[in-house]
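Here is the structure we will look at, set down as structure tokens.
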Amino acid sequence: MTKKIKLSELGSLFGGDIQALEGVKIEGDVEIDLGQMGMNPQMAYALGHETAQMAMHLMNISRILGYPVDQVFGGQQQAAAAAPKRLSKLIESKFSVGKVDEWKTPIQEVVLGATSSDGGTRKSTITLGGENALPYYFDGPMPHRNHITMDVFDMPINMAKAVKGNYEDVINSPAEWAKKVVRDFGADMVTIHLISTDPNIKDTSPAEAAKTVEEVLQAVDVPIVIGGSGNPEKDPEVLEKAAQAAEGERCILASASLNLDYARIAEAAKKYNHVVLSWTQLEINAQKELNRKLMKQCGVARENILMDPTTAALGYGLDYAYTNMERIRLAGLSGDMELNFPMSSGTTNAWGAREAWMTSSPLKEDSDWGPREYRGPIWEIITGLTLSLAGNDLFMMMHPTAVQVLKEITQTLYGSKETDPVDIDNWITAVL
Amino acid sequence: MKLNSPLQVYKYLPQTNCGECGDATCMAFAAHLIDRSKKLDNCPPILKDAFKKKYIELLTLLAPEIREITIGVGERAKKIGGDDVIYRHQLTFFDPTAFAYDVWDTMPENELVERVNKITNFRKFYIGKFLRVDMVAVRCVSGDAAKFAAAVKKVNETTTLPLILCSFDPAILKSGLEVVKDKNPLIYAANEKNWGEVAELALEYKVPVVLFSTDLDKLKSLALTFAEMGIKDLVLDPGTFPQGKQLKGSFERFVKLRRSGIKDAQKDIAYPIMAVPLNAWLVYKEAAAASYWETVLASVFTVRYGDIMILHSLEPYAMLPEVHLRETIYTDPRTPAKVEPGVNAVGSPTKDSPVIVTTNFALTYYTVESDLSSNKINCYLAAVDTDGIGVEAAVAGGQLTAAKINDSFKKANFDFKEKTSHSAVILPGLAARLQGDVEDATGLRVMIGPPDSGRIPGWMEKNWPPKPK
Ligand code: B12
Ligand code: SF4
């Protein structure tokens, strides 16, 4: 798979097996209450017990110098000599932990969508960024929760049955499709992928693609992402026309990359008031370079830049994607002004993993893989969740269950989920 | 680890450059100690009496920040902890999170045995090895020491996996320990109430022990107290709440514990951390919802510092993402997983069998190899040395070239005239643009396969053997 979505290509990835994906029903989907999403800012962390901490450090130093033999040989050769000490009371103590001094630069805030007061027609806007620490950490407030934008395509495409079952009724109408993801699946935003513009698919004209964008803008009142087909020759023109049609709406233009005419996309964003998605492929220096070019060479304002450092699926390069994002976020927090932008992930890429869609394991030595209808959504969830912990802000997703579960966990860690307290002291004796 | 340069380590080594460690110089060996690719015991001279003092000093200085603890015995014994960094890119994480799955003493015996076997035998092939799970946690639900001992006995007869004995009642723990006292099980758990008696058990049976408190001050008190009593194989359970603000609190405690242990170097709290994603089942009763949420909790704490965890769901859709995410986080970022370059026989190839080219990135190589062997395609498979980069990235980055491909066959002394009747090679679909260059460099007939190796069988039906020109 290549970059986010390109589900058109997923179809070919599935190859002969796509047939096997059809005609299967999901039984007993997961039900999770979406509840009310408050926006309470994260509780500020009270700095504690500096004196205790200093004492601790001193103790450590003397330990190291005094060199305790028991510790060196620990476990294997417990000190055989002296009889163990017995204590009748717990040693009193206070836990303390240091703060991270180098996180001094907050992540840039980026506003998506524009309401009538700002020259758009969206009902409300979404703000990404503003973090002062790694996600959900206690070091500093995380002002905005994670958001999810769901994929809509401008033509029917191949997808795994587990996904397709949800969209069969709207697959021929991007506007209806967009309404459905917002109304039924709780999408915060909608991504309209103009894949039919690819000369190798339908070669839809930029003008016609722009009409589709208008339809989607009329169908829903949430902010939207406008995605090209991924064709580097055609995308700049398509995105330019679409940007014009959506003038003033502060959409995300997806994407500017180093291998196409990014300047033209940047120009369109400036002229028609949109946000540029700066997309690179798992390479922190390439990300810096493109962001720098967008800012310095093209004059895009900081508040109009979002990054997509590339998402690889769980089991297929997520280790690279995770560490790439974590490094970018740490660099941003520590003052790298070319990297401190909010991030977006093509989480739908998770469906490229064989484990997400194959009927069963191609290897007979494997334990049973079980029903694939359950494997697909959890593959999407875990791919997204892992990246959320690395600092990702916006998720481009496909499966409704995956969307709900990812929302539930990211908002829980963000701190806006109120639930009845649970007593975990008795888990050992619980009858499950 | 208290040292961060080879020079600092070098000062403690014998400095004779005798080469017995396999490195030419002590300095080279020192570098391996720093990146933890070798152990101090690999240097025979330093084990001699004359160096005893230096050996002991160096061992202390080289010890990982987070204490490393062994659970179980024998081949499937498991080490946990052992970390030196808080982000994987700073070095790598050591000792992948140990996954323990629960059984309970009120299970009918046949179900218990079946469940234990399922845990023991779970496996998922991934880049050249099987991902597996690690331990069995026996929960005492009955409250009856004899029943618990019987369950532990049955589990111990059924598996060689390490065990975790779970009860807050010291008498019950003792009954279990009696059964498996030579197996180095982990006992769960000491808390504020029972700590005195549990400490006695840890001392008597010399086993590692979990300390449980959702209050970090209390947890630290327990750790200090146990350490003072000479019990240092400790695991900390700061409580895994399944939802809401309580879960956010759990997350914060994990982060705080690990940061204090590594960044602040607070040795007396630098122990492995335990998560209990099983607690998802306390709020979700339906199996799919509970399994999904358990997997979510397991993932959060695989990424953020869980060294060992207790799980319940044996659904494949829970276990597969769990083991894959653990692999994601613990794989060594310093070196891409590679296989030996060379030309390998898959099945029993003849002169009419195809010769297939791929890269030596382990994920690529093993995916292709398993696609071929599971479809019973006899062939030669060439792993070209691309420094462990996959096909598409290696073509883009210049590690997979016609010259490299030609070299691979040369180095392997693979003579197409002698080994094949067709003098043809098949390139991956994603390397199609190398076709002309490879023809020129090798003089062979070059065929282009499909983009995904899973489709080689279908492609072969149409394209193999190559039609005469
Ligand atoms: C992980 C990854 C990386 C990792 C690579 C890690 C590694 N050890 O390989 C890192 C971060 C290092 C990386 C770097 C780069 N990457 Co990269 N990367 C990816 C990513 C996300 C996944 C690739 C992967 O691992 N796939 C899984 C493996 C198993 O696939 P595979 O090797 O291709 O094998 C399959 C097939 O080829 C086939 N197959 C294999 N052998 C054979 C043999 C035969 C006969 C047949 C028929 C089939 C067959 O079957 C296999 C199983 O399906 C892809 C995007 C994506 N595809 O999702 C981009 C991608 C491959 N990268 C890309 C690029 C451009 C780069 C960089 C050049 C970026 C840069 N500017 O620096 C560098 C180059 C680095 C280098 N070569 O030194 C591009 C390539 C574009 C192109 N087509 O030219 C991609 C497609 C992203 C994109 N859309 O732009 N990348
Ligand atoms: S074995 Fe020890 S003394 Fe000999 S070269 Fe290696 S490190 Fe130096």
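Throughout, a chain's letter reflects where its sequence line sits, starting with A, and its residues are numbered from 1.
- Contacts between B:Glu327 and chain A at a heavy-atom distance below 4.5 Å are absent for every atom of the residue.
- Contact annotation for B:Thr214: only side-chain heavy atoms (C-beta onward) come within less than 4.5 Å of a heavy atom of chain A.
- Looking at heavy atoms from C-beta onward, B:Arg304 lies out of side-chain contact with A:Tyr136 at the 4.5 angstrom threshold.
- Ranked by non-hydrogen atom pairs under 4.5 Å with chain A, the options B:Asn375, B:Leu320, B:Val303 are led by B:Leu320.
- Residue B:Phe125 touches chain A through both its backbone and its side chain, counting heavy-atom pairs closer than 4.5 Å.
- No donor-acceptor pair closer than 3.5 Å links the side chain of B:Glu192 to the backbone N or O of A:Leu90.
- Between B:Tyr292 and A:Pro377, the closest side-chain pair of non-hydrogen atoms falls below 4.5 Å.
- B:Asp215 does not touch chain A: none of its heavy atoms, backbone or side chain, sits under 4.5 Å away.
- Across B:Gly249, B:Cys140, B:Ser250, the residue that shares the most heavy-atom pairs under 4.5 angstrom with chain A is B:Cys140.
- The distance from atom OG1 of B:Thr328 to atom CG of A:Leu314, rounded to the nearest 0.5 Å, is 5.0 Å.
- Atom-to-atom distance recorded for B:Lys124:NZ and A:Asp368:CG is 13.0 Å, nearest 0.5 angstrom.
- When each of A:Ile424, A:Thr412, A:Thr419 is tested with B:Pro242 by the rule side chain to side chain contact (heavy atoms under 4.5 Å, CB included), just one qualifies, namely A:Ile424.
- We find the CD-CZ distance between B:Gln90 and A:Arg327 to be 10.5 Å, quoted to the nearest 0.5 Å.
- Side-chain contact between A:Glu418 and B:Lys245 is present, with at least one heavy-atom pair separated by less than 4.5 Å.
- Within the 4.5 angstrom heavy-atom criterion, atoms from both the backbone and the side chain of B:Phe122 approach chain A.
- Heavy atoms closer than 4.5 Å to chain A are found in both the backbone and the side chain of B:Pro321.
- By the salt bridge (charged side-chain N to carboxylate O under 4.0 Å, His left out) test, B:Glu200 is found to be paired with A:Arg86, residues two or more places apart in sequence or in another chain being considered.
- Interface residue B:Leu363: only side-chain heavy atoms are found under 4.5 Å from chain A.
- Of the two parts of B:Val276, only the side chain, counted from C-beta on, holds a non-hydrogen atom closer than 4.5 Å to a non-hydrogen atom of chain A.
- A salt bridge links A:Asp139 with B:Arg259: at least one charged nitrogen is closer than 4.0 Å to a carboxylate oxygen.
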(request) Take A:Lys417 and B:Leu247, measure what side chain to side chain contact (heavy atoms under 4.5 Å, CB included) needs, and give me the verdict at the end. (result) CA-CA 10 Å; A:Lys417 284 281 165 186; B:Leu247 171 54; over 6 Å; no
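- Both the backbone and the side chain of B:Leu325 come within contact range of chain A, judged by heavy atoms closer than 4.5 Å.
- In this structure, chain B has no heavy atom under 4.5 Å from any part of A:Leu282.
- For A:Asp425, the parts sitting under 4.5 Å from any heavy atom of chain B are the backbone and the side chain alike.
- With A:Phe95 as the aromatic partner, B:Lys256 does not meet the cation-pi criteria of under 6.0 angstrom to the ring centre and within 45 degrees of the ring axis.
- A donor-acceptor pair is defined here as one N or O able to donate and one able to accept, closer than 3.5 Å; no such pair exists between the side chain of B:Arg123 and the backbone of A:Ser367.
- When heavy atoms are compared at a cutoff of 4.5 Å, B:Asp371 approaches chain A solely by way of its side chain, counted from C-beta outward.
- Only the side chain of B:Phe130 comes within less than 4.5 Å of a heavy atom of chain A; its backbone N, CA, C and O stay farther away.
- A side-chain donor-acceptor contact under 3.5 Å links B:Gln246 to the backbone of A:Val422.
- A distance of 9.0 Å separates NZ in B:Lys248 from OH in A:Tyr414, rounded to the nearest 0.5 Å.
- The candidate with the highest count of non-hydrogen atom pairs below 4.5 Å against chain A, out of B:Tyr188, B:Trp281, B:Phe226, is B:Tyr188.
- Only the side chain of B:Ile310 comes within contact range of chain A, with at least one heavy atom under 4.5 Å from a heavy atom of that chain.
- Of the possible donor and acceptor atoms, none in the side chain of A:Arg375 sits under 3.5 Å from a partner among the backbone N and O of B:Pro316.
- Separating the OG1 atom in A:Thr323 from the CZ atom in B:Arg88 is a distance of 3.5 Å, to the nearest 0.5 Å.
- The distance from atom CG of A:Leu363 to atom OG of B:Ser370, rounded to the nearest 0.5 Å, is 4.5 Å.
- For A:Ile409, the parts sitting under 4.5 Å from any heavy atom of chain B are the backbone and the side chain alike.
- Under the salt bridge (charged side-chain N to carboxylate O under 4.0 Å, His left out) criterion, B:Arg253 pairs with no residue, sequence neighbours left out.
- Side chain of B:Tyr126 to main chain of A:Gly315: a donor-acceptor pair is present (N/O by atom type, distance under 3.5 Å, no hydrogens or angles).
- Looking at B:Lys220, its side chain does come within 3.5 Å of a backbone N or O of A:Lys94 through a donor-acceptor pair.
- Contact of B:Val283 with chain A is made through the side chain alone, with heavy-atom distances under 4.5 Å.
- The most heavy-atom pairs under 4.5 Å with chain B, out of A:Ile378, A:Ile382, A:Asp319, come from A:Ile378.
- In terms of non-hydrogen atom pairs under 4.5 Å with chain B, the most contact-rich of A:Glu92, A:Glu355, A:Gln281 is A:Glu355.
- Using a 4.5 Å cut-off between heavy atoms, B:Pro208 does not touch chain A at all.
- For B:Phe212 and A:Trp427, the ring centers sit 6.0 Å or farther from each other.
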